[in-house]
Amino acid sequence: MTNRSRSLRVPDKPSLDGIEAKWVDVWDESGVYHFDRTAPRERVFSIDTPPPTVSGSLHIGHVFSYTHTDTVARFQRMRGKSVFYPMGWDDNGLPTERRVQNYYGVRCDPSVAYDPDFAPPAKPDPKRQVPISRRNFIELCDRLTAEDEKVFESIWRRLGLSVDWRHTYATIDGNSRAAAQRAFLRNLARGEAYMAEAPTLWDVTFRTAVAQAELEDRERPSAYHKISFHRPDGGTVEIETTRPELLPACVALVAHPDDHRYADLVGTTVRTPVFGVEVPVRAHRLADPDKGSGIAMICTFGDTTDVTWWRELQLATRPIVGWDGRIVADPPAGIDSAEARDAYARLAGATVHTARERVVELLRASGDLIGDPKPITHPVKFYEKGDKPLEIVTTRQWYIRNGGRDAAVRDALLARGAELDWHPAHMRSRYDHWVEGLNGDWLISRQRFFGVPFPVWYPLDDDGNPRYDEPLLPDEAALPVDPSSDAPAGYTEDQRGRPGGFTGDPDVMDTWATSSLSPQIAGGWERDDDLFRRVFPMDLRPQGQDIIRTWLFATVVRAHFEHGSLPWRTAAISGWILDPDRKKMSKSKGNVVTPIDLLERYSSDAIRYWAASGRLGTDTALDEGQMKVGRRLSIKILNASKFALSVAGEAAAADPAAVTEPLDRAMLAALADVVEDATAAFENYDHTRALEHTERFFWEFCDDYLELVKARAYDEESPAGASARAALLVALSALHRLFAPFLPFVADEVWSWWRDGSVHAEPWPDAAEFRAAAQDGEPAVLAATSEVLRAVRKAKSEAKLSMRAEVERVVVRGKNAGSARVAADDIAAAGRAAALEFEAADDTDLRVEVTLPAAAE
RNA sequence: GGGCGGUUAGCUCAGUUGGUUAGAGCGCUACCUUGACACGGUAGAGGUCACAGGUUCGAAUCCUGUAUCGCCCACCA
């Protein structure tokens, strides 16, 4: 025998208990998952790991999708790739901001000076939050997220993610801020980023602008209000609106050009009720004759259609809703009469909701409200994290071009989408539809504090007004900068806010503006050129289907502009975990299921098994039954390995040359097929298929093959016994490696019983190797033999006999009888049959007659 | 209103370019304490493949339509 590696160390009673703690430590010490950064690009497999939000908690959905990625990482590593598998933490943005405020009892005020000795209050008072500088605030964020990250890391390690923990990043750390600012400055220099003052979707709670990608529609109750406008001839025209409070902001009425009902009105002017403002009546194709009365009131701004009309018809601007969501103090132009000003004064300072009630009262008093408001339900735009409807407010914002206003850019980005290898392929249509449906550029500025600040200052003129058209920009070498605490070149800090001095841009970037650079941040862009060349563009972007329009698309945009390429070759899109509530699991269990609880109850490998059973892009139920199956499989691997190694004894080595028996060769031939199939499946990002085929083979291996050769394997004298033992070990060597990506703990445990080193550093099984060992082996021999064995078992089971019961005679007929005949001795031993007969016949399927002893009948 | 995906056993899901009697696991039932495994083993029952048409010698599979679930998008007066 060859290949003897070590003496056996098979435990008497194999167990999953404590297996995670043991191997997490071993892997950490051995560095088996370390990225070899001397590997050339073609031998590298790089992964753009999604950074989880650390201010939240890990959900079972994270466990699900991160396991998918890990199976791929492990497969590629075994295929000889140096795997670049970093971990990021998303601590940038509103969720962290809120958590830090509550945790420390502070709030960020960019106007406060940095205090290097600041310490948060010992007892946080949520009602009296201490105002601190942005830099101090970010330092607290760093401190708290560092704690959160430790918790996350320990769960990831316990789950068995083969991450190289030397490569981590956080989306608010210095490298990320520098990368986000550098990328922005380059976008700006190339004209891909720009500032504009324009109507912007605005969340009045958070008091920040919101991007198209962050919107969601929610059904809200509302009401049509029928309102009379007054024609010059003394007649009226009735409009219907759900937003009567915007009446003072009305700038025009609009009807469809083909709508004959209003043809005579178009081109004239009418007066608004109550406020008496003269507004034009215009025609536009977007006016829908079937909605309301067919003629619409255009305001500054009720919805995005208003913006379109305002822009295309070049209408007046009469804003009345402020940044805080309340009606502004001063009436807009056109509200001149004393009555109108009095009416407006009743609205000033009110919330939109209150203003609506008051306008209705005013309209009733003036007789211009026709009938009662008609209740309806309609979709209203919300910020996905907000709970009040968005308003549209004109503000100065930063944008990055994304094809929303430029056909050439849009086409280029669609081409990038086509270039990307999507798994599953149909996910590409979500990307295409999103890009095709964009209606504006990407708004990246947010009026918040915790985030990457724009690296921009503005000179102040003699009156103290910012000169926005002459921004002051830092040198790339100085990044990251904070314009709220750093002064621009050529100025000193005491000139901040003074006429002739400067002011920093107060805004921060949208969190996606940073996370869209995750491949660059993790890969050492402009920081570690050698690393970057070896990992970028990355091989794989794994992520959820819900953030194709945000994270995936934004990352493509940034790489397209900066590198003229895709950021990665392949995107692997995971599905959802179906809500346990719908399965009534949390109710019947009476408590919430946390990942760590499941990991402890079923073992990490069992949870991974469940996760790996879910295909990419397919929604999967949280199914504890599958976890149980995973646990059972893990234990079976321990026990089957123990058996095979014990039988082989001290001579445990896999010598293919010793495999001579047809049944053994048949098993290896079947194994070669499985290896081939699993390999192809993995290469196609179909981890589920690889697992299924491996698992199916393994169970048949245990149930049938192991039982068939058990007796023979104990035979120390004959070559047939040696053949069985060698075949068992050859198969075991393959199975341990095939399961390694899915069940890394069990795989390394059983591997350690008979081999040195980690199974995770072993080469992935090569089908050709097993094909060679199988020689003339025919899978049909194993199939036919197993079928006969099953027939014998069935006879015993139906007779309610023990599987050990003796069988008098077995007759095998049919076209596959010859295949089974070659393993007659094994069948006789496994089935405890005294006599076996085979009658080959070409015309019938396999039929087995089992004769039990008369006494047993 | 448009798009994407799903609908197969009580449950969770396979079903590879259309090809005999549709598969697996869980659960259920019966039996077996067999020497790797009682955290086990063996076997069994269980399906009009959402519905209606169509193409075909043949349809879970292809086409058309419908229903239903989930998600995404939409100019929501």
Side-chain angles (χ1 to χ4, degrees), chain A residues 10 13-17 215-217 219-220 222 224-225 239-243 246 253-255 284-288 291-299 302-309 376-381 389 424 426-430 432-434 436-439 545-546 548-549 575-576 578 582-583 602-603 610 613-615 617-626 628-629 631-647 677 681 688-689 692 695-696 699 702-703 706-707 710 714 790 792-805 830 832:
Chain A
V10 183
K13 187 78 181 166
S15 165
L16 297 176
D17 296 339
L215 304 182
E216 65 183 34
D217 286 353
E219 285 291 329
R220 279 299 157 109
S222 185
Y224 277 127
H225 299 73
I239 63 101
E240 287 193 63
T241 180
T242 56
R243 301 209 57 184
L246 293 179
L253 300 187
V254 64
H284 194 278
R285 66 192 148 72
L286 287 182
D288 184 346
K291 272 187 187 156
S293 58
I295 185 162
M297 170 175 90
I298 307 175
C299 304
D303 60 33
T304 53
T305 318
D306 280 354
V307 177
T308 305
W309 282 325
I376 58 158
T377 304
H378 69 160
V380 178
K381 282 194 195 309
H426 68 78
M427 288 295 174
R428 185 186 143 199
S429 64
R430 300 200 181 197
D432 288 348
H433 290 147
W434 174 252
E436 286 162 2
L438 287 168
N439 52 30
Q545 56 189 331
D546 49 329
I548 289 173
R549 64 177 179 162
W576 298 101
L578 295 181
R582 252 187 294 166
K583 305 266 164 282
Y602 295 102
S603 86
W610 159 75
S613 303
R615 316 181 100 78
T618 302
D619 296 345
T620 301
L622 178 56
D623 183 0
E624 295 200 32
Q626 278 296 99
K628 233 165 95 182
V629 173
R631 183 175 175 86
R632 194 168 73 110
L633 173 63
S634 300
I635 293 170
K636 192 77 173 181
I637 292 170
L638 291 176
N639 285 314
S641 300
K642 175 191 162 195
F643 167 72
L645 291 171
S646 303
V647 170
D677 195 76
T688 305
R689 184 183 171 93
E692 271 173 8
E695 188 191 4
R696 189 189 313 142
W699 283 110
C702 290
D703 294 347
L706 235 43
E707 294 300 329
K710 196 180 272 183
Y714 281 122
R790 274 194 287 272
V792 174
R793 283 186 197 136
K794 183 172 175 177
K796 291 180 183 178
S797 188
E798 283 174 351
K800 304 201 171 185
L801 290 173
S802 156
M803 288 300 128
R804 286 182 82 187
R832 298 187 181 253

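All chains are named by letter (A, B, ...) in the order of the sequence lines, taking the proteins before the strands, and each is independently numbered beginning at 1.
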Checklist outcome for this item: B/A38 -> Watson-Crick or G-U wobble partner, both distances under 3.5 Å, gives none

Item to check | Length of the line joining A/Asp623:CG and B/A14:P, which is rounded to integer Å | outcome: 12 Å

Item to check | For atom CZ of A/Arg793 and atom P of B/A30, their distance in whole Å | outcome: 22 Å

Checklist entry - Any Lys/Arg nitrogen of A/Arg689 or A/Glu692 sitting under 4.0 Å from an Asp/Glu carboxylate oxygen of the other? => result no

Next on the checklist: Using Watson-Crick or G-U wobble geometry with both distances under 3.5 Å, which nucleotide pairs with B/C51?
Outcome noted: B/G65

Checklist entry - Between B/G40 and A/Arg631, is there an OP1 or OP2 to side-chain N/O distance shorter than 4.0 Å? => result no

Checklist entry - B/C31, B/A43, B/C39: which one has an atom nearest the side-chain heavy atoms of A/Ile635? => result B/C39

Checklist outcome for this item: A/Leu286 CG to B/A74 P, in whole Å, measures 15 Å

Next on the checklist: Strictly by Watson-Crick or wobble contacts shorter than 3.5 Å, is anything paired with B/G46, and which nucleotide is it?
Outcome noted: none

Checklist entry - When the P atoms of B/U29 and B/A45 are considered, how many whole Å apart are they? => result 16 Å

Checklist entry - When you measure from the side chain of A/Val629, which nucleotide among B/C4, B/G25, B/A74 comes out closest? => result B/G25

Checklist entry - Expressed as a whole number of Å, how far does the C1' atom of B/C37 sit from that of B/G41? => result 9 Å

Item to check | Closest to side chain of A/Ala621, choosing from B/C13, B/U34, B/A36 | outcome: B/C13

Checklist entry - Could a donor-acceptor pair under 3.5 angstrom be found where the side chain of A/Lys628 meets the base of B/C26? => result no

Next on the checklist: Once you apply a heavy-atom cut-off of 4.0 Å, does A/Asp703 come out as touching a base, just sugar-phosphate, or nothing?
Outcome noted: sugar-phosphate

Next on the checklist: Using a 4.0 Å heavy-atom cut-off, does A/Lys794 contact any base of the nucleic acid, only the sugar-phosphate backbone, or nothing at all?
Outcome noted: sugar-phosphate

Item to check | Options B/C75, B/A36, B/A14, nucleotide nearest the side-chain atoms of A/Glu692 | outcome: B/A14

Item to check | For B/G58, the Watson-Crick or wobble counterpart (both distances under 3.5 Å) | outcome: none

Checklist outcome for this item: Whole-Å distance, A/Asn639 CG to B/G41 C1', equals 12 Å

Next on the checklist: Students often get this wrong, so: under 4.0 angstrom with heavy atoms, is A/Ala287 touching a base, only sugar-phosphate, or nothing?
Outcome noted: base

Item to check | Short side-chain N/O contact from A/Arg632 to OP1 or OP2 of B/C26, under 4.0 Å | outcome: yes

Checklist outcome for this item: When rounded to whole Å, the CG to C1' distance for the pair A/Asp432 and B/C71 reads 17 Å

Next on the checklist: Need the pair for B/C4. Rule: Watson-Crick or G-U wobble, both distances under 3.5 Å, any strand; none if unpaired.
Outcome noted: B/G70

Next on the checklist: Please classify the nucleic acid contact of A/Trp699 as base, sugar-phosphate, or nothing, using heavy-atom distances under 4.0 Å.
Outcome noted: sugar-phosphate

Item to check | Pairwise C1' distance, B/A9 and B/G44 [rounded to whole Å] | outcome: 14 Å

Next on the checklist: For A/Arg790 and A/Ser429, find the nucleotide of RNA chain B closest to each by heavy atoms; which residue's nucleotide sits nearer the 5' end?
Outcome noted: A/Ser429

Item to check | A/Met803 side chain, from C-beta outward: closest of B/U16, B/U42, B/G40 | outcome: B/U42

Item to check | Per A/Thr618 side chain, nearest of listed nucleotides B/U34, B/C75, B/A14 | outcome: B/A14

Item to check | A/Leu638 CG - B/C39 C1' separation (whole Å) | outcome: 11 Å

Checklist outcome for this item: By the Watson-Crick or G-U definition, both distances under 3.5 Å, B/C26 is matched with B/G10

Checklist entry - Under 4.0 angstrom, heavy atoms only, what part of the nucleic acid is A/Cys702 near: base, sugar-phosphate, or nothing? => result base

Next on the checklist: Give me the distance, rounded to whole Å, that separates B/A38 from B/C49 when you measure between the C1' atoms they each carry.
Outcome noted: 37 Å

Checklist entry - Nearest to the side chain of A/Lys710 - B/G44, B/C75, B/A36? => result B/A36

Next on the checklist: Taking B/C11 as the reference, what is the distance to B/A74 when you measure between their P atoms (whole Å, please)?
Outcome noted: 36 Å

Checklist entry - Hey, does A/Arg832 reach any base, or is it just sugar-phosphate, or nothing, if we go heavy atoms under 4.0 Å? => result nothing

Checklist outcome for this item: Side-chain atoms of A/Ser797 come closest, of B/U42, B/U34, B/C31, to B/U42

Checklist entry - B/C37 P sits how many Å from A/Leu706 CG, rounded? => result 12 Å

Item to check | Closest-nucleotide ordering on RNA chain B, the 5'-leading residue of A/Met427 and A/Gly294 | outcome: A/Met427

Next on the checklist: Between B/U21 and B/G27, how many Å separate the two P atoms, rounded to a whole number?
Outcome noted: 31 Å

Checklist entry - Would one find a side-chain N or O of A/Lys13 under 4.0 angstrom from OP1 or OP2 of B/C39? => result no

Next on the checklist: Using a distance-only criterion (donor-acceptor N/O pair, under 3.5 Å, no hydrogens), is the base of B/A74 paired with the side chain of A/Glu436?
Outcome noted: no

Next on the checklist: Could you tell me how far B/G18 sits from B/A59 if I compare only their P atoms? Round to whole Å.
Outcome noted: 13 Å

Checklist entry - Counting side-chain heavy atoms from C-beta on, which of B/A36, B/G25, B/A38 comes nearest to A/Tyr714? => result B/A36

Item to check | Nearest listed nucleotide, side chain of A/Lys636, among B/C71, B/G41, B/U12 | outcome: B/G41

Next on the checklist: Categorize A/Asp546 for me: base, sugar-phosphate, or nothing, with a 4.0 angstrom heavy-atom threshold over every strand shown.
Outcome noted: nothing

Next on the checklist: Give me the distance, rounded to whole Å, that separates B/A22 from B/A60 when you measure between the P atoms they each carry.
Outcome noted: 9 Å

Next on the checklist: Under 4.0 Å, heavy atoms only, any strand: does A/Glu707 hit a base, just the sugar-phosphate, or nothing?
Outcome noted: base

